[in-house]
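To keep things clear, I will list the structure first and then write my remarks on it.
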Protein chains: 2
Amino acid sequence: MMTCFELLADPGRRSLLDELRKGEQSVGTLAKQLKVNQPAMSKQLKTLREAGLVAVRIDAQRRIYRLNPEGLREVDDWLAPYRAFWEQRLDAMERTLESLED
Amino acid sequence: MMTCFELLADPGRRSLLDELRKGEQSVGTLAKQLKVNQPAMSKQLKTLREAGLVAVRIDAQRRIYRLNPEGLREVDDWLAPYRAFWEQRLDAMERTLESLED
DNA sequence: CTGGAATATGCCTGAAATGGCATATTAATA
DNA sequence: TATTAATATGCCATTTCAGGCATATTCCAG
């Protein structure tokens, strides 16, 4: 199973997740929207499903996929300390501006 | 050149970035800390350098690498809408708790 | 200017992942 | 039950990448 970091490495999978943010959709709809053939779409969905980033619901022959973004928290958590770096630099900039005002 | 998303796919590179959060370090120090051989470390640093995630400073024969986390903003930005999903669920949970208090 | 330390680079190999295509599976419908 | 729609899976070819090793490069010290 791929880690969520590896999953995000592929632009196609990122687009797929972005598309699913609009709401749950069938495999066919997704394939059409993202202009990839059906088997490729099924494979992308499978990798995301195995990692728990998407979930499925069955509707007759259709599989309706929906976003399950909880798994992305791992990425967000990893990123957190770096966010502190940016804010640190922002603070530094603010201090600079303040000193200029004096 | 790799995208920042692809760069984060490799656990070794993530560890390297994490290590650099402690402060700037030479190639040799980094290799020792992360228990990888020197050529491998130089390669990892090169890929990160090409993407602008780290920067170098020359000190005699040594190359001192430091973190340049600005490039990670792209990941953070992409992640932002998903963060909204989590908060949404948090809000829902809070509403549930409030209704329980009534 | 010679030797050694620190780092980078080139080459090769093995592993893994993507894309395309054919085909299997599952479910509805006539 | 035969047919068709929707989806999944298996296989093959191609590519890409990390790892390991040898070696080139750069710089200081003596």
Side-chain angles (χ1 to χ4, degrees), chain A residues 1-20 22-68 71 74-75 78, chain B residues 1-20 22-68 71 75:
Chain A
M1 201 196 64
M2 296 180 86
T3 71
C4 50
F5 291 98
E6 292 171 298
L7 289 172
L8 296 191
D10 179 52
R13 284 189 294 252
R14 289 201 302 278
S15 301
L16 177 46
L17 291 174
D18 287 339
E19 179 66 27
L20 280 177
K22 300 177 183 170
E24 60 176 21
Q25 298 181 50
S26 73
V27 178
T29 307
L30 289 167
K32 195 168 188 177
Q33 291 290 328
L34 300 174
K35 304 191 203 310
V36 305
N37 56 45
Q38 177 265 314
M41 180 54 63
S42 285
K43 284 179 190 173
Q44 288 188 335
L45 287 165
K46 181 179 185 178
T47 58
L48 292 174
R49 177 162 31 94
E50 287 174 341
L53 289 187
V54 301
V56 208
R57 175 171 67 83
I58 296 182
D59 170 40
Q61 314 105 324
R62 298 215 174 89
R63 308 295 160 102
I64 312 294
Y65 280 83
R66 65 177 176 278
L67 200 58
N68 188 21
E74 187 179 346
V75 179
W78 182 86
Chain B
M1 200 197 65
M2 296 180 87
T3 69
C4 50
F5 292 97
E6 292 172 299
L7 289 171
L8 296 191
D10 180 53
R13 284 189 295 252
R14 290 200 302 279
S15 301
L16 176 46
L17 291 174
D18 287 338
E19 179 66 27
L20 280 177
K22 300 177 184 172
E24 60 175 22
Q25 298 181 51
S26 74
V27 178
T29 307
L30 289 167
K32 195 168 189 177
Q33 290 292 327
L34 301 174
K35 305 191 202 307
V36 305
N37 55 46
Q38 176 267 315
M41 181 53 63
S42 285
K43 285 180 189 173
Q44 289 188 335
L45 287 165
K46 181 180 185 179
T47 59
L48 291 174
R49 176 163 31 93
E50 288 174 339
L53 289 187
V54 302
V56 208
R57 177 170 66 83
I58 296 182
D59 171 41
Q61 315 107 324
R62 300 216 173 91
R63 309 295 159 100
I64 313 293
Y65 281 82
R66 65 178 177 278
L67 200 57
N68 188 22
V75 180

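Order of the sequence lines fixes the chain letters, A, B, ..., with proteins taken first and strands second; residue numbering starts at 1 for each chain. Predicted model, so just to flag it, every value in this text is computed and none were measured.
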Can you measure from [atom1] ([X]) to [atom2] ([Y]) and round to the nearest 0.5 angstrom?
| X | Y | atom1 | atom2 | value |
| --- | --- | --- | --- | --- |
| B:D10 | B:T47 | CG | OG1 | 8.0 Å |
| A:Q44 | A:R49 | CD | CZ | 12.5 Å |
| B:L48 | B:L20 | CG | CG | 8.5 Å |
| A:E24 | A:R57 | CD | CZ | 4.0 Å |

So which one's nearest nucleotide on DNA chain C is more toward 5', A:A40 or A:A60? A:A40

Could you give the [atom1]-to-[atom2] distance, from [X] to [N], as a whole number of Å?
| X | N | atom1 | atom2 | answer |
| --- | --- | --- | --- | --- |
| A:Q44 | C:dG20 | CD | C1' | 13 Å |
| A:E6 | D:dA18 | CD | C1' | 12 Å |
| A:D10 | D:dT16 | CG | P | 14 Å |
| B:D59 | D:dC27 | CG | P | 12 Å |
| B:I58 | C:dA5 | CD1 | P | 21 Å |
| B:L34 | D:dG19 | CG | C1' | 16 Å |
| B:N37 | D:dA18 | CG | C1' | 11 Å |
| B:R57 | D:dC27 | CZ | P | 15 Å |

Walk me through whether A:E19 and A:Q25 qualify under side chain to side chain donor-acceptor pair (under 3.5 Å). CA-CA 9 Å; A:E19 179 66 27; A:Q25 298 181 50; 3.0 Å; yes

Below 3.5 Å between N/O atoms, which protein atoms pair up with nucleotides 4-8 of chain D? Just atom names and distances, please.
residue : atom : partner : partner atom : Å
D:dA6   : OP1  : A:R62   : NH2          : 3.4
D:dT7   : OP1  : A:V27   : N            : 3.3
D:dT7   : OP1  : A:R63   : N            : 3.4
D:dT7   : OP2  : A:G28   : N            : 2.8
D:dA8   : OP1  : A:Y65   : OH           : 2.7
D:dA8   : OP2  : A:S42   : OG           : 2.7
D:dA8   : N7   : A:Q38   : NE2          : 2.7
D:dA8   : N6   : A:Q38   : OE1          : 3.4

What heavy-atom pair brings A:L34 and A:L16 nearest, and what distance separates the two atoms? CD1-CA, 3.7 Å

